[in-house]
Each structure stands twice: as C-alpha cells, then as structure tokens.
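The structure displayed is predicted, hence computed values, not measured ones.
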Amino acid sequence: MYGLIWHILPGPWASKFIMAVGLLAGGAALLWFFAFPAISPHMPFNDGAVDTTGIGGAEVPEGEVDPEAVEVEGEPEAEEGPGAEEVSAEGDGA
C-alpha cells in the first residue's frame, strides 16, 4: 500500500518524501481530532470493574484500619471548651 502511494505521488524523491510525511500527519490529525473523540464514548476504558454497591455503611473488615479512625501524627487536635484559650495564653511565655 505504501509503495502504491509512493508511486502515485508526483515529483522527485525529496518532494515525494515531504508529501508522504504531510499525508501521514494529516491522517494522524484526522484520527486524533475527529475519529478518536467520536468513538471514545463507546470504548470500555472508563468502565469500573469494582462493585461499589453497599459502600458507605459497611463495616471495616477484620485486620484493616478504618481511615477515619487514624490520627495523623504532627497535627495537634484542637482543644474545645472554656479552658482552651487560657491554656494557650499561658504557654506562650507572656
């Protein structure tokens, strides 16, 4: 097929090469901007294979850690209540 295209293109070797590269670039652009976006909704790439039914109220399986129960190290918890402001005011050395 490429040989047929090469023989159909007019001119010497250099002009045939430039026209062949232009044809390849044009064909790639047509595919990239028109054909691939047109068939994208019909492709299975975004289909999830994980069953997500029942998520939300499920218990954490034994041996796994509940991410909401994990305390991040280095982040002090905010103290709440009437004495919280007094403790922070005494601790700054004033």
Side-chain angles (χ1 to χ4, degrees):
M1 170 136 185
Y2 298 112
L4 177 65
I5 294 171
W6 188 260
H7 290 295
I8 290 175
L9 291 174
W13 187 90
S15 65
K16 284 184 178 187
F17 180 75
I18 292 171
M19 286 187 271
V21 169
L23 286 172
L24 285 173
L30 285 173
L31 287 172
W32 191 266
F33 293 111
F34 296 104
F36 295 153
I39 65 170
S40 177
H42 306 292
M43 300 305 290
F45 301 131
N46 293 330
D47 292 346
V50 178
D51 185 19
T52 58
T53 57
I55 291 182
E59 294 180 13
V60 177
E62 190 174 328
E64 293 188 18
V65 178
D66 186 8
E68 294 176 0
V70 175
E71 185 177 321
V72 178
E73 206 171 303
E75 291 183 13
E77 292 188 24
E79 295 183 25
E80 295 179 8
E85 293 175 5
E86 295 173 10
V87 171
S88 63
E90 292 174 4
D92 63 0

A.B. asks: Could I get the full list of side chain to side chain contact (heavy atoms under 4.5 Å, CB included) partners for I5, not counting sequence neighbours?
C.D. replies: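 With neighbours one apart ignored, the set is M1, L9, L23.
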A.B. asks: Pairs under 3.5 angstrom only: tabulate donor-acceptor contacts from the side chains of residues 25-37 to other protein residues two or more places apart or in another chain.
C.D. replies:
none

A.B. asks: Any heavy-atom pair between the side chains of P10 and M19 that's under 4.5 Å?
C.D. replies: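 The answer is yes; the side chains approach within 4.5 Å.
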A.B. asks: Closest approach of K16 and H7, non-hydrogen atoms and distance?
C.D. replies: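 For K16 and H7, the tightest heavy-atom pair comes out as NZ-CA, 4.4 Å.
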A.B. asks: Can you list the other members of the hydrophobic cluster that holds W6, where links are side-chain heavy atoms under 4.5 angstrom apart?
C.D. replies: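 Under the 4.5 Å side-chain rule, W6 groups with W13, F17, V21.
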